[in-house]
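Residue numbers count from 1 along this sequence.
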Amino acid sequence: MDRSPRPRPHDSTAARLAALAALLADETRASFCLALLDGRAWTAGELARYAGVAPSTASEHLGRLVAGGLLAEERQGRHRYVRLAGERAAHLVEELASQAVPGGPERPRSLRAASVGSALARGRTCYDHLAGRLGIRITEAMTVRGLLRQDTGFALTEAGLEWFDTLGIPLDRSGRRPLARGCLDWTERRPHLAGAAGAALCAHVLESGWCERFGSGRAVRVTSAGARALSDRLGLAPDPLPD
């Protein structure tokens, strides 16, 4: 009797997973995706300078990322912009980043790298929501005040829905995106608020001047007005993230 293993039928899911993994198996492409976690659109030239590669090399890599569905391309006149294809792509990149440093962020190799890493750890955007210690502290404050539940997954309470309404923050409930979702923070190793509510809150704190971007644009810091607002609305201590 022939006991040799039978050939397995072609698994298209396995092939697609392997192709996706190959997209991020290059340091330049991974660097592009991490930069785009700031939620903004970048030009190919900006990404080339960020990663320290030639423009032609950047274009080749970006073409692969767009074709693979991780990035989306936008054109305005002669300018070509790219951004992450959506929240799912951003969540994938952030989750993989957290798995890549299971013991926490690696030790910086220079003073500049240490400064950048410290700023990102204090507060940053993770695609379109707040992350770092700022995101964690806001998430914890919302939970303590009964605005957010984390016991059976992330969910806004009735009080939480009223809190958003009182602040005049509209929540999009029409799409397939969950209203509230936990996103594992790769520097804090705890979940911060993502989903439609996380995106709406992030947009509000930036538009209202509670926080401002600085440096590369992904890092954010609390302004003096934001420190007062977060203290009034969530009970956070004034200037919770001093620079």
Side-chain angles (χ1 to χ4, degrees), residues 30-43 46-47 50-51 65 70-72 74 81-98 100-101 105 113 115-142 148 154 164 167 169-172 177-223 225-227 229-230 233-234 236 240-243:
S31 178
F32 289 169
C33 290
L34 287 171
L36 291 166
L37 278 175
D38 67 1
R40 298 178 299 169
W42 290 47
T43 66
E46 289 170 336
L47 287 169
Y50 175 84
L65 289 168
L70 280 179
L71 301 186
E74 301 175 5
Y81 295 89
V82 292
R83 63 170 69 246
L84 287 171
E87 187 198 20
R88 291 180 62 187
H91 180 59
L92 172 66
V93 174
E94 184 82 2
E95 184 69 20
L96 287 174
S98 70
V101 284
S115 179
V116 171
S118 177
L120 291 175
R122 285 197 301 272
R124 65 182 183 277
T125 51
C126 173
Y127 185 53
D128 62 358
H129 54 270
L130 295 170
R133 289 200 298 275
L134 173 61
I136 292 296
R137 291 196 63 182
I138 289 177
T139 299
E140 290 179 343
M142 292 180 67
L148 178 70
F154 272 51
F164 274 87
L167 288 176
I169 305 176
L171 294 175
D172 182 9
R177 187 178 191 182
L179 187 59
R181 179 180 64 76
C183 180
L184 181 63
D185 196 291
W186 67 273
T187 54
E188 294 298 302
R189 316 301 297 166
R190 287 175 289 170
H192 54 246
L193 176 63
L201 181 58
C202 180
H204 179 77
V205 301
L206 289 172
E207 292 169 2
S208 63
W210 294 5
C211 291
E212 61 185 6
R213 295 184 183 272
F214 69 103
S216 67
R218 190 181 176 198
V220 298
R221 58 190 168 201
V222 178
T223 64
L230 291 173
R233 271 75 170 182
L234 289 173
L236 289 180
L241 297 170
D243 286 321

Exercise. Is L70 close to L84 at the side-chain level, that is, under 4.5 Å between some pair of heavy atoms?
Worked result: no
Interatomic distance, CD@E140 vs CG@L234, rounded to 0.5 Å, equals 12.0 Å
**Request:** In sequence, state the C-alpha distance, the side-chain angles, and the governing distance for R83 and E74, and then conclude on side-chain contact (heavy atoms from CB on, under 4.5 Å).
**Result:** CA-CA 8 Å; R83 63 170 69 246; E74 301 175 5; 2.8 Å; yes
Residues passing the side chain to side chain donor-acceptor pair (under 3.5 Å) test with H192, sequence neighbours excluded, are H129, D185
Closest non-hydrogen contact found for A227 with V222 is N-CG1, 3.3 Å
What one should report as the nearest heavy-atom pair of L171 and A196 is CD2-O, 4.4 Å
query: Is there side-chain contact between T139 and F154, with at least one heavy-atom pair below 4.5 Å?
result: yes
When you compare the side chain of M142 with that of I138, does any pair of heavy atoms fall below 4.5 Å? yes
Between V220 and L134, is any pair of side-chain heavy atoms under 4.5 Å apart? yes
Checklist entry - With a 4.5 Å heavy-atom cut-off, do C33 and L65 have their side chains touching? => result yes
The ring-ring contact (aromatic ring centres under 6.0 Å, His included) partners of H91 (sequence neighbours excluded) come to none
Q) Would a 4.5 Å heavy-atom cut-off, applied to side chains only, mark Y81 and R40 as touching? A) no
Rounding to 0.5 Å, atoms CD1 (I136) and CZ (R190) come to a distance of 5.5 Å
Should C202 and L130 count as side-chain neighbours, where that means a heavy-atom distance under 4.5 Å? yes
By side chain to side chain contact (heavy atoms under 4.5 Å, CB included), A203 pairs with (sequence neighbours left out) E207
Rounded to the nearest 0.5 Å, the CG atom of L167 sits from the CG atom of L201 at a distance of 8.5 Å
Minimal heavy-atom distance between W42 and L36, with the atoms involved, is CD1-CD2, 3.4 Å
In terms of heavy-atom contacts, G209 and T223 come closest through O-OG1, 2.6 Å
Would you say R213 and T125 are linked by a side-chain donor-acceptor pair, where the criterion is simply a distance under 3.5 Å?
yes
- Query: Taking the side chain as C-beta and beyond, is there a heavy-atom pair between D172 and R177 under 4.5 Å?
  - Reply: no
What one should report as the nearest heavy-atom pair of P191 and G182 is CB-CA, 4.3 Å
Heavy-atom nearest pair, A180 first then L148, reads CB-CD1, 4.4 Å
Distance col, row R124:CZ vs C211:SG, nearest 0.5 angstrom, shows 13.5 Å
